[in-house]
Amino acid sequence: MRTVVSPLRRIVQSRPINTIISYPEQLVGRTTSLLLLKAFSNLALSRKPYGIATTQPTAVDFVSAPNVPPGTSEGSENSPAAQRPSSTRLKDYGKWRWLSLDEGRLRLESDFESPERCPRLLVDMPENANDFDLWLCVLDYRHQRDGVAGVAAVMEGLMSKACLYKQPQGKAAQAFWSAVLEVATRDRDLLENVLAYALWLDDNHSVRLPDLYFTIVSSLIREHRYSEALSWHLGLGPRFGFDIGDLKRLMMQFIASPDSWTRQCLKAIYVMSHHRRLYDDIIPYLYENGFSQIAAKSWRPLLIAHGDFPRSSASRPFLRFLRGYHRESLLAEEQLVAGLPDTPLEELASVEDRSQEPLSDSSRESGNMTHGQTFGVKGKRFNDEYGAKYFASSWLSVDFGISSLYALGIPAIGPLTLQSIALREQKKADRIASRIGELEAAGISIGDSSYAHALRHAATTRNQSMVTGLIKTDIHPDVFDDPRLEQAALRAASATGNWEQYRLITNVRLAVAMGNVDAVANDFFRMSLAAGNHRAVLRLLAIMNHMGVELAELTIDAISSHIPERSTSELNHDAEIANFYACLCSITLDHGLPPSSRALRTVLTMLCHSSRYNEFSRLAIDIIGCYSNQYRSTNKTIRVHKSDVPLVARDQSKGTRFQELPSDLSLRNSFHPLRLVFSPLIQDYLVWQAFRPEYLSSERKGDGGSGREDTMLHFTDGIRVLALLRDNGVKINLRRLRKNIVASLAIHERSLRFIPGDLARRLGRDMARKWNLRVAGNLCEGAWGRKLFQRNELESGVAAFSKRFLQQPEDDLETHQESQLHEKRSDANNSCE
């Protein structure tokens with residue numbers, strides 16, 4: 001075994017540092033530039049001979065980003081990474097299984113440090129030179145007994161004997177090198193010895209270790225040793241090479257990390273690699289996992305700067321979201337993929353996107369002519385096996401396939417075709433449900449098979465484990481429709497202990513039964529709602545909740561359409577109807593399917609008009625809990641009614657009423673659902689309604705109090721609700737709130753008396769009025785929970801407002817009060833339309 005001197009330096013010595021760190025900081029970031037510089041500093045100062053290393057790492061080797069905690073360096077015994085395994089892994093070592101059970105013999109055969117004890121070991125025999133089962137047995141024993149030191153001893157013995165020089169094949173070979181590489185990253189000397197051995201294998205036998213690059217670099221990144229990860233990336237890449245698959249695996253594993261240093265390290269690796277065409281992998285992955293901000297602000301500019309553009313429809317949802325919600329201008333390549341016209345954003349509101357609509361009736365008729373239907377010739381029946389192969393082809397998009405079925409006039413597909421479509425949707429329940437809806441909207445049924453009903457039920461209820469089982473199962477879908485075959489499969493699964501298959505068959509039975517119950521219950525619910533039978537609706541909701549029946553998307557859509565269609569003037573005067581719709585909206589929100597913002601605004605306006613601020617607050621909390629990221633921190637996406645999505649970003653598939661949006665959508669975005677529900681007009685109406693004299697007098701009358709205390713409690717109810725919304729993330733325009741308070745106090749000043757009459761007469765009219773406003777201002781600030789007005793700001797504002805109105809006759813003043821309230825109510829009602 002020859003000693004290889006400084007292989008890392010030999011690999012990269014021809015690459016000057018300036019060619020790497022010359023990227024502008026605005027493209028890769030200052031942090032990334034520093035990481036690159038430190039990585040090359042490590043390489044330039046690394047002169048240690050490889051083989052069995054004897055010197056300690058220098059201080060420069062550890063000058064990097066945040067590294068392992070102090071006192072727990074990579075090679076120390078106190079390091080968590082260096083702890084030995086807690087138990088021996090049970091493996092089948094082939095013909096050496098007997099050796100794994102004989103600890104005394106195994107201790108002797110694995111003692112590479114004292115060859116005099118056993119001059120001829122089993123690994124020294126020529127026939128065992130490339131026996132990975134034997135070496136894996138020895139490695140596992142030493143690893144379990146001595147931890148990292150044991151693996152290092154096995155590696156030294158391997159290097160001294162120059163064994164395992166054949167191409168690694170089989171599970172034992174993969175397990176051996178995976179175990180060595182996994183442990184090697186915890187000890188610098190061991191890692192260098194592994195690289196030296198890898199170079200020897202490549203030079204003398206043209207053999208390369210499996211996953212050498214990916215295992216080392218990913219392990220170093222996982223341990224937050226970023227500059228070392230970059231150093232090994234530079235050292236391993238040119239010599240051993242890494243394909244685009246390794247880079248994709250590395251990106252997908254760490255790109256969503258909350259640690260900014262990890263993301264900067266990945267950027268540095270991307271910049272230094274020659275692989276591109278990662279746009280359609282990185283951007284959709286981040287978007288679907290709720291990291292749209294990182295995708296838009298961090299990775300998209302970097303990818304574009306290096307000529308990496310989208311090339312498939314995988315990036316279309318993100319690009320349409322970026323255009324619709326963030327008003328970002330797209331490049332020509334991105335517009336082509338997104339299916340958006342080169343039109344100014346102001347005109348896009350009137351532009352209908354028809355890029356994914358089914359073919360027109362004329363195309364359908366043309367398709368019918370091709371198979372003879374126009375001439376009265378009976379067409380062939382749909383071949384389910386051919387349809388499955390048709391959609392399984394990667395060269396054919398699912399959108400094009402569905403359009404082709406529509407054009408050919410095919411009324412239904414079989415379970416095998418449905419299984420292929422589900423497989424193309426990456427086994428994700430929400431996407432499968434969307435595709436099923438799209439097929440049905442195009443007039444293509446998924447059939448009446450038990451498999452189709454079960455898949456629809458699992459996708460609709462977001463039962464991801466059942467969806468995966470239905471797609472991966474090797475049971476033919478026809479078995480679920482044949483009671484005899486299904487019972488035989490159930491008995492066979494029970495006899496062989498295949499409980500996964502047993503559960504799948506029983507779940508399909510249950511899903512078919514529940515699917516029928518769900519459909520009937522939701523149909524009856526919509527009929528009762530349309531007929532206005534509120535008592536039947538509430539009774540049916542209780543039954544459905546008891547039976548675990550989910551509200552269908554079509555039912556939520558019917559609720560969203562039904563509420564605004566009622567006359568707002570009629571609803572505002574009926575507190576019972578307001579309570580009914582508030583209860584109905586709360587139940588739908590609990591199911592995670594919020595009604596449209598238009599319907600929610602209508603109900604909130606009804607509650608506000610009837611002065612039911614407690615009910616308003618409860619419904620507002622339910623709405624925020626359904627939408628807000630802080631209540632659903634584990635969710636990657638939030639579900640939004642399609643009518644609340646900008647037309648540019650709207651999913652054009654016809655089969656679904658809801659759309660998934662990334663959960664990191666900022667509450668400051670003007671198109672966030674919470675901003676649409678709690679619009680500025682609703683906020684204005686909240687304040688004005690609480691100042692109504694009839695509201696205050698009715699509250700005093702109902703409570704039977706003296707009047708002054710009740711007024712102090714109730715005229716700030718609207719402000720108190722706004723403070724609750726503010727504390728839960730809803731944006732409140734503070735300047736607008738001040739103007740509403742000033743105007744309300746100016747108009748209703750005569751209805752608010754906080755100073756007894758005797759004291760007011762002694763103070764005088766002007767002083768009593770000033771103190772009255774000061775008390776009112778303090779109460780408003782108490783309800784808001786923060787400072788609202790500066791010194792004398794409220795008094796001067798009320799005085800300025802009063803000059804315009806309070807100089808008028810009493811009749812004109814009352815008319816102005818009514819007109820102001822009517823204007824606010826009309827604005828709130830119009831915001832619901």
Side-chain angles (χ1 to χ4, degrees), residues 317 356-358 402 418 421-422 425 428-446 452-464 466-467 511-512 514-530 537 540-541 544-545 547-565 581 584-600 603 622-623 625-627 632 635-645 647 649-661 663 673 676-677:
Q356 295 184 10
E357 290 187 1
I402 294 176
L418 180 63
I421 294 175
E425 295 300 329
K428 294 185 178 180
D430 55 338
R431 296 175 62 172
I432 294 172
S434 177
R435 284 298 184 190
I436 292 176
E438 186 177 345
L439 284 166
E440 293 178 339
I444 304 172
S445 172
I446 62 173
H453 284 298
L455 185 60
R456 181 210 295 275
H457 178 80
T460 303
T461 58
R462 301 300 190 267
N463 190 340
Q464 187 60 53
M466 185 175 176
V467 168
V512 171
M514 288 299 298
N516 295 331
V517 174
D518 290 357
V520 173
N522 279 277
D523 288 342
F524 186 65
F525 181 95
R526 292 192 294 270
M527 292 171 57
S528 302
L529 183 64
V537 168
L540 185 59
L541 277 175
M544 294 171 67
N545 183 60
M547 296 180 61
V549 177
E550 295 288 336
L551 290 174
E553 289 188 2
L554 188 60
T555 302
I556 307 296
D557 188 58
I559 295 173
S560 300
S561 303
H562 175 78
I563 294 177
E565 286 175 358
Y581 283 117
L584 193 60
C585 290
S586 295
I587 293 175
T588 59
L589 291 167
D590 289 339
H591 283 74
L593 294 172
S596 65
S597 61
R598 183 187 176 196
L600 293 174
V603 177
D622 290 340
I623 295 171
C626 184
Y627 280 124
R632 293 187 166 198
N635 283 12
K636 299 176 181 178
T637 58
I638 56 175
R639 305 185 71 186
V640 180
H641 196 274
K642 270 192 175 181
S643 62
D644 296 334
V645 179
L647 181 61
R650 192 174 301 170
D651 184 5
Q652 299 302 310
S653 59
K654 301 292 185 180
T656 178
R657 274 80 177 175
F658 289 84
Q659 186 167 336
E660 303 281 347
L661 295 179
S663 58
L676 298 178
V677 173

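Being a predicted model, the structure only gives us computed values, none of them experimental. Values below: every heavy atom of this structure, side chains too, minus hydrogens, waters and symmetry copies.
Taking CG from D557 and OG from S643, the interatomic distance works out to 8.0 Å, rounded to the nearest 0.5 Å. With values rounded to the nearest 0.5 angstrom, R657 atom CZ is found 9.5 Å from T555 atom OG1. Here the CG-CD1 distance, from L554 to I559, works out to 10.5 Å after rounding to the nearest 0.5 Å. The CE atom of M527 sits 11.0 Å away from the CG atom of L540 when rounded to the nearest 0.5 Å. One finds the CD1 atom of I556 at 4.5 Å from the CG atom of L551 (value rounded to the nearest 0.5 Å). Rounded to the nearest 0.5 Å, atoms CG (L600) and CG (L589) are 6.0 Å apart.
The closest side-chain heavy-atom distance from H641 to S560 is below 4.5 Å. The closest side-chain heavy-atom distance from C585 to I563 is below 4.5 Å. Contact of the I402 side chain with the R435 side chain is registered, since non-hydrogen atoms from C-beta on lie closer than 4.5 Å. Inter-residue side-chain proximity for L541 and N545 is flagged as unmet; no heavy-atom pair is nearer than 4.5 Å. Residues V640 and Y627 are in side-chain contact: their nearest non-hydrogen atoms beyond the backbone lie under 4.5 Å apart. Counting only heavy atoms from C-beta outward, the side chains of I421 and L439 approach each other to under 4.5 Å. Side-chain contact check for L529 versus L584: some heavy-atom pair is nearer than 4.5 Å. Looking only at side-chain heavy atoms (C-beta outward), L593 and C626 stay at 4.5 Å or farther from each other.
Using modelled atom types, one finds no donor on one side chain facing an acceptor on the other under 3.5 Å when comparing H457 with N463.
Not one N or O on the side chain of K642 forms a donor-acceptor pair closer than 3.5 Å with the backbone of Q659. Between the side chain of R462 and the main chain of A429, no donor-acceptor pair closer than 3.5 Å is present. In terms of modelled atom types and a separation under 3.5 Å, the side chain of E425 and the main chain of S434 share no donor-acceptor contact.
The two residues A422 and I432 make their nearest non-hydrogen contact at CB-CD1, 3.7 Å. Nearest heavy atom pair, residue S597 against residue D644, reads OG-OD1, 2.6 Å.
Salt bridge status for E553 with R456: absent, with no side-chain N to carboxylate O gap under 4.0 Å. With respect to K428 and E660, no salt bridge is recorded, no charged nitrogen being found less than 4.0 Å from a carboxylate O.
For S586, the side-chain hydrogen bond (donor to acceptor under 3.5 Å, both in side chains) criterion is met by D622, not counting sequence neighbours. With sequence neighbours excluded, the residues that form a side chain to side chain contact (heavy atoms under 4.5 Å, CB included) with A454 are M466, L470, V508, A511.
Ring planes of H562 and Y581: tilted class, angle from 30 to 60°.
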